[in-house]
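Naming: A, B, ... by sequence-line order, numbering from 1 per chain. This one's a predicted model, so the numbers in the text were calculated from it and none came from an experiment.
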Protein chains: 2
Amino acid sequence: MPEHESPIVTVDIVLLTLEDEQLKVTLMERTKEPFAGRLALPGGYVHTNTDQNGDDAARRIMTTKLGFAPSHMEQLETISGPTRDPRGWSVSIVYVALISREALASHSAIPLHLYPVAALPELAFDHNKIVRRAVERLRSKGTYSTLPCHLLPARFSIPQMHHVFELVLGVPLNRTSFTRKVSEMGILELAGKEPAAGRGRTAAQYRLKEEVSFFHRPLGDGM
Amino acid sequence: MPEHESPIVTVDIVLLTLEDEQLKVTLMERTKEPFAGRLALPGGYVHTNTDQNGDDAARRIMTTKLGFAPSHMEQLETISGPTRDPRGWSVSIVYVALISREALASHSAIPLHLYPVAALPELAFDHNKIVRRAVERLRSKGTYSTLPCHLLPARFSIPQMHHVFELVLGVPLNRTSFTRKVSEMGILELAGKEPAAGRGRTAAQYRLKEEVSFFHRPLGDGM
DNA sequence: CCAATAGTGTCTGTTAGACAGTATTGA
DNA sequence: TCAATACTGTCTAACAGACACTATTGG
């Protein structure tokens with residue numbers, strides 16, 4: 001009865017991490033047409049014979065292509081249209097995944113290629129636009145949630161967290177206010193001590209409380 | 001090459017409005033299997049021969065099933081899985097649309113059925129869950145954006161806006177602070193005067209400035 | 001002891017909440 | 001003139017920003 005073909009359905013993953021004080025995204029060189037030889041987001045078809053849902057497909061693709069499942073992953077948006085993929089009318093369910101550079105290095109069996117999101121070459125499909133939107137979302141959520149914490153290792157100090165928020169939001173954040181707010185808000189729990197850092201006093205280590213991942217008021221915006 | 005069938009791809013629309021001091025959702029009785037006779041969100045297949053993208057499909061479905069395109073519509077999320085639709089592995093791109101009760105009454109050619117979101121019967125597919133998520137999103141965005149304004153007519157007063165935000169967020173909001181913040185924030189522009197209301201002083205009428213639809217800081221949360 | 005970084009106390013300016021006052025409308 | 005609603009001024013409490021001071025570490 002439907003007078004139309006079924007669309008192609010794929011999942012694409014924007015895996016972000018911090019390296020050299022920059023947000024970077026994981027890209028892979030395409031080995032097949034279309035866009036063979038071009039850099040692209042890791043992605044693949046939804047497998048209706050095995051995947052239980054989109055999240056499941058995203059995890060499978062991460063594991064297959066990157067060698068691990070990320071600590072944090074959430075759906076960004078779904079992009080679709082007749083011309084974005086030369087193979088036909090396509091639907092791409094896009095996920096944003098965040099991971100610390102350390103976890104990425106230790107978990108991944110496959111050597112990954114990271115590119116600064118601020119200076120990307122021309123990517124396959126509409127992947128430049130997708131990366132831009134993912135970064136916008138991260139920045140936007142960074143003003144009222146703990147999302148950027150997933151760019152840090154599981155255990156981290158408040159100064160590290162402060163630094164990551166400044167990098168992600170791209171504005172300086174008042175150190176005193178940040179520390180006070182984060183401490184009083186009860187979103188962190190102590191996780192041992194003594195990381196034996198370099199110079200100066202060693203910072204207390206914390207871990208995100210599982211239940212809480214959102215602030216009541218923004219952290220960014222001139223703080 | 002893909003060892004899997006293509007999924008079914010549909011669009012579902014959560015059209016919300018305010019009536020009798022309550023958030024209500026537009027539902028339609030299904031005429032066909034599966035779930036014939038059950039209430040469901042308006043929705044339909046993506047038409048790959050005509051639709052230019054998901055938004056376009058959503059607009060087409062709105063126009064066909066409800067008789068008009070909504071003033072505000074945004075993508076909520078995409079839900080998928082092998083069992084949510086008995087016809088097979090399905091992908092549903094969900095949109096949230098907001099409209100004022102007045103605009104709904106005047107624009108819609110088709111008589112619509114509104115149901116309070118707080119007390120829904122058992123709906124077809126996973127539509128109860130979808131409505132719940134749409135309402136969560138509206139509430140959440142209501143704390144830091146002007147999204148709930150789209151439940152008002154294009155021209156509205158600050159007291160009306162205050163009332164809508166209280167209804168959506170479910171908490172009392174300080175009247176003085178709300179008025180002051182909204183006024184000083186420069187998100188509204190005067191739109192004539194004299195609506196000739198009932199009792200008491202008549203309120204000034206405003207319209208949302210097009211460019212700005214987000215606040216820098218939340219409106220809700222104990223304001 | 002010194003430099004460097006972490007954490008805290010306190011002052012100040014800004015902003016939200018409370019509340020009372022003024023303004024404008026219909027009855 | 002009165003009741004009802006819209007708006008505004010002002011006081012106060014809470015909180016963010018600035019900054020200095022203490023604490024802890026390595027050299």
Colleague: To the nearest Å, how far apart are N174(A) CG and dT10(C) C1'?
Modeller: 14 Å
Colleague: Run the numbers on E21(B) and H163(B) for side-chain hydrogen bond (donor to acceptor under 3.5 Å, both in side chains), then give the verdict.
Modeller: CA-CA 9 Å; E21(B) 308 281 292; H163(B) 186 232; 3.0 Å; yes
Colleague: Write down the distance between NE2 (H163(B)) and P (dA4(D)), rounded to a whole number of angstrom.
Modeller: 17 Å
Colleague: T10(B): which residues meet the side-chain contact (heavy atoms from CB on, under 4.5 Å) condition with it, sequence neighbours left out?
Modeller: I8(B), D12(B), Y45(B), S92(B)
Colleague: Provide a list of protein-nucleic acid N or O atom pairs under 3.5 angstrom, restricted to nucleotides 1-7 of chain C.
Modeller:
unit_1: dT5(C); atom_1: O2; unit_2: R201(A); atom_2: N; d: 3.2
unit_1: dA6(C); atom_1: N3; unit_2: R201(A); atom_2: NH1; d: 3.3
unit_1: dG7(C); atom_1: OP1; unit_2: A204(A); atom_2: N; d: 2.9
unit_1: dG7(C); atom_1: N7; unit_2: R175(A); atom_2: NH1; d: 2.9
unit_1: dG7(C); atom_1: O6; unit_2: R175(A); atom_2: NH2; d: 3.2

Colleague: Just jot down the ring pair (Phe, Tyr, Trp, His ring centres under 6.0 Å) partners of H162(A), sequence neighbours excluded, or say none.
Modeller: F178(A)
Colleague: If you take atom types as modelled and just measure distance, does the side chain of R180(B) reach the base of dG9(D) with a donor-acceptor pair under 3.5 Å?
Modeller: no
Colleague: Can you tell if the side chain of T31(A) reaches within under 4.5 Å of the side chain of M28(A), non-hydrogen atoms only?
Modeller: no
Colleague: Rounded to the nearest 0.5 Å, how far does CD of E77(B) lie from CD1 of I130(B)?
Modeller: 7.0 Å
Colleague: Taking the six-membered ring where the residue is Trp, are the ring centres of F156(A) and Y206(A) under 6.0 Å apart?
Modeller: no
Colleague: Rounded to the nearest Å, what distance is computed from the CG atom of residue L173(A) to the C1' atom of nucleotide dA18(D)?
Modeller: 15 Å
Colleague: Using whole Å, report how far NZ of K181(B) lies from P of dC15(D).
Modeller: 14 Å
Colleague: Would you mind reading off the distance between F178(B) atom CZ and dA18(C) atom P, rounded to a whole angstrom?
Modeller: 15 Å
Colleague: Once hydrogens and angles are ignored, does a donor-acceptor distance under 3.5 Å link the base of dC7(D) to the side chain of T176(B)?
Modeller: no
